[in-house]
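These numbers come from the heavy atoms of this one structure, side chains and all, not from hydrogens, waters or symmetry mates. Because the structure is a prediction, the values reported are computed rather than measured. Letters go in sequence order (proteins before strands), and every chain restarts at 1.
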Amino acid sequence: MRLKNLSPHELKPLLLGCKHSALISQIHAFMVSSGLFSHGNTIAQLISSYGKVGDLESAHKLFDKIPLRRVDSWNAIIIAYSNNEFPVEVVNIYNQMVLERVKPDSSTFTVALKACTILQDLEKGEEIWKKVVEFGYENDVFVGSSVLNLYAKCGKMDKAEAIFEKMQRRDIVCWTTMITGFVHSGKGREAVDLYQRMQREGMVGDSVVMLGLMQASANIADIKLGSSVHGHIIRRALPMDVNMLTSLVDMYAKNGQLEIATRIFREIPCRNTVTWSALISGYAQNGFAVNALELLIEMQLLGFTPDVAALISALLACSDIGSLRLGRSIHGYVARKVIMDQVLSTALIDMYAKCGLIYCARALYDRISFKDLICWNTIIACYGIHGHGREALSLFQQMKNKIEPDHATFAALLSALSHSGLVEEGRHWFDVMVNEYKIKPSEKHYACSVDLLARAGEVEEAKDLIISMETKPGLAVWVALLSGCHKHKKFSVGELAANRILELIPENTGTLVLVANFFAAAKMWDKAAAVRKLLKKTGMTKVPGYSAVEVNGRLHAFLMDDTSHPQYEQIMGLLGNMENEMKAMGYVPKTDFVLQNLEEDVKVKMLCNHSERLAIAFGLLNTAPGTRLLITKNLRVCGDCHEVTKFISVIVKREIIVRDVKRFHHFKDGICSCGDYW
DNA sequence: TTAGGGTTAG
């Protein structure tokens with residue numbers, strides 16, 4: 001290339017097109033030799049060009065050589081660092097600029113505020129904002145949207161709103177920043193309201209706004225909103241790039257519409273890792289653990305490397321089905337290939353705990369130097385489901401000195417106390433939550449407390465707690481009360497709870513079955529029959545109870561009375577032999593748990609076919625003596641099976657862990673970790 | 001116009 005005859009004016013477009021550092025250096029050398037170097041504009045351009053190709057060393061060397069640096073040179077270097085993702089350097093250069101009394105302009109402030117956002121450095125950001133006001137840039141939309149984003153990303157939506165309301169001019173980016181800010185802070189409703197206000201003010205949403213609204217739809221589980229956004233995108237012919245399609249997959253998946261999500265996914269021509277992860281997480285979060293894991297394998301077969309999000313979703317799937325072997329192998333993969341972060345560590349803690357290995361969970365937890373809120377909440381919840389209420393409480397005591405507990409912390413704590421029957425502690429911490437931490441109890445908190453009281457037999461107090469609720473009590477609290485009444489045979493309060501549940505017209509069949517079973521236990525056969533009729537009439541059937549056990553890395557699931565299994569005869573034979581031994585040891589079948597009006601011997605036979613027993617027997621037959629078994633059950637484990645498992649643990653000298661929908665039962669030497677309190 | 005808002009996860 002001949003540079004000889006070029007003027008500074010002609011150099012600029014040439015520099016703009018440069019993709020290689022060497023070429024820029026050549027132009028740079030030419031400028032020095034031909035005396036054009038002192039031309040300020042072109043120097044800034046040169047710095048910027050070095051920045052664009054990532055050669056920050058050359059950019060900075062050049063910057064250092066400038067004798068009199070004007071704001072455009074400063075901007076060129078600060079933007080170069082910003083674009084190459086060096087936020088700390090951006091802030092340093094900004095500081096240097098202020099020190100040298102160079103007046104920043106709109107670009108400087110914008111970039112500096114963005115750096116503070118990335119660093120989550122609210123203090124520095126606010127200091128910069130003071131300068132913005134001092135130099136009269138507070139009405140600049142670029143600077144304005146940057147400060148909105150700073151507040152939004154630091155979780156200070158109230159401050160963002162205050163500035164937003166005072167803005168004299170708002171462009172689409174300002175609106176979007178607020179909308180996505182609300183979405184990220186879990187306020188999907190506010191995001192939608194703001195979008196509607198934006199429309200009223202004559203603004204038209206672009207692709208970024210639509211992405212935000214799709215997240216809001218997932219956030220507030222509003223599929224109508226999501227599909228109308230989808231329609232809007234099509235009508236306005238907004239570009240359907242892979243990001244947009246990924247968000248659609250994510251939105252439909254999060255709304256439980258997995259067929260639609262999968263259909264869109266299959267039609268995407270060039271999926272990326274995020275697209276895969278979005279669908280994997282959709283499956284995992286909706287309880288389709290096996291589909292999630294299959295998809296993880298499929299993506300790898302097609303040459304994609306799973307990212308952290310995919311692995312975390314896969315771990316969630318492993319937790320769900322209690323697949324320790326797969327969970328461990330993901331842990332191994334992660335340890336070799338991925339940088340361990342807070343989110344991943346927490347997912348691993350959760351996986352080990354849900355697969356029965358609470359001590360592995362604890363070991364991982366102990367290795368984390370800085371624990372965030374969710375990490376603390378997770379370990380407390382883990383001890384809770386294992387029935388270690390005291391340990392959960394002790395962790396909570398440590399936590400509250402280090403970090404502010406939130407509503408989820410108290411939900412985990414109350415649930416832990418409830419599983420361990422720590423009634424007095426439960427009463428105390430519920431009060432502390434309300435009066436000291438000023439957390440308004442949610443349905444979940446009430447449900448835990450009602451559960452705690454009712455399970456301990458304090459059904460009157462539980463009933464009064466429900467009556468004291470400010471909001472209308474939902475299904476969860478009445479169900480908790482009903483379960484307690486069922487357990488303690490408090491049929492009159494129970495009947496009240498059952499009636500309330502029926503008034504609320506539960507969509508969940510499990511809940512109706514619970515009510516029917518309660519009426520049966522109370523020998524209110526007419527009412528029980530009426531509820532069963534209701535179940536049939538509305539076309540609802542009982543969710544089949546099943547139990548699963550992992551043997552040699554494969555998951556085997558059993559339904560109740562599963563005669564189709566190839567080893568059925570052997571399984572029944574083993575159960576029969578063990579039953580004789582158990583009877584000799586003093587076992588009496590608890591036929592109360594068969595909640596139908598049947599003959600006693602038929603009831604006993606029905607108990608024997610409970611799915612957890614089939615899974616246990618299968619596990620015993622197919623693993624080496626002494627192997628610990630983990631059984632996962634999708635419903636609650638029944639009282640008779642609980643008793644039987646205790647005996648089995650003695651007869652076969654094995655640890656047997658049963659994880660039901662609520663919690664763990666760890667059987668060893670005839671004792672259950674739950675102390676028979678569940 | 002060199003600058004601001006965007007996809008998956010515990």
Looking across every strand, which nucleic acid part, if any, lies under 4.0 Å from [X] by heavy atom: base, sugar-phosphate, or nothing?
| X | answer |
| --- | --- |
| A/Thr177 | sugar-phosphate |
| A/Leu315 | nothing |
| A/Ser281 | sugar-phosphate |
| A/Asp372 | base |

Residue [X], side-chain atoms from C-beta onward, closest of [options]:
| X | options | answer |
| --- | --- | --- |
| A/Asn272 | B/dG6, B/dG10, B/dT7 | B/dT7 |
| A/Ser313 | B/dA3, B/dA9, B/dG10 | B/dA9 |
| A/Leu316 | B/dG6, B/dG10, B/dG4 | B/dG10 |
| A/Thr110 | B/dA9, B/dG4, B/dG5 | B/dG4 |
| A/Asn83 | B/dT7, B/dG6, B/dA3 | B/dA3 |

With respect to the phosphate group of [N], does any side-chain polar atom (N or O) of [X] fall under 4.0 Å of OP1 or OP2?
| X | N | value |
| --- | --- | --- |
| A/Lys254 | B/dA9 | yes |
| A/Ser106 | B/dA3 | no |
| A/Asn149 | B/dG5 | yes |
| A/Gln215 | B/dT7 | yes |
| A/Gln342 | B/dA9 | no |
| A/Lys153 | B/dG6 | yes |
| A/His184 | B/dT7 | yes |

For A/Trp376 and B/dG10, give me the distance from atom CH2 to atom C1', rounded to whole Å.
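Taking atom C1' of B/dG10 as the reference, CH2 of A/Trp376 is at 16 Å.
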What is the distance, to the nearest angstrom, from the CG atom on A/Leu113 to the C1' atom on B/dG4?
10 Å
For A/Arg170 and A/Trp175, indicate whether the former's side chain and the latter's backbone hold a donor-acceptor pair under 3.5 Å.
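No; judged by distance alone, with no hydrogens or angles, the pair does not exist.
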Regarding A/Lys131 and the six-membered ring of A/Phe109, is the cationic atom NZ or CZ under 6.0 Å from the ring centre and inside 45° of its axis?
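Ring-cation test returns no.
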A/Trp376 ring center near A/Tyr365 ring center (under 6.0 Å):
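Yes, close enough.
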Just to verify, what does A/Gln96 make a side chain to side chain contact (heavy atoms under 4.5 Å, CB included) with, not counting sequence neighbours?
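A/Arg69, A/Trp74, A/Glu100.
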Closer than 4.0 angstrom, basic N to acidic O: yes or no for A/Glu161 and A/Lys187?
no
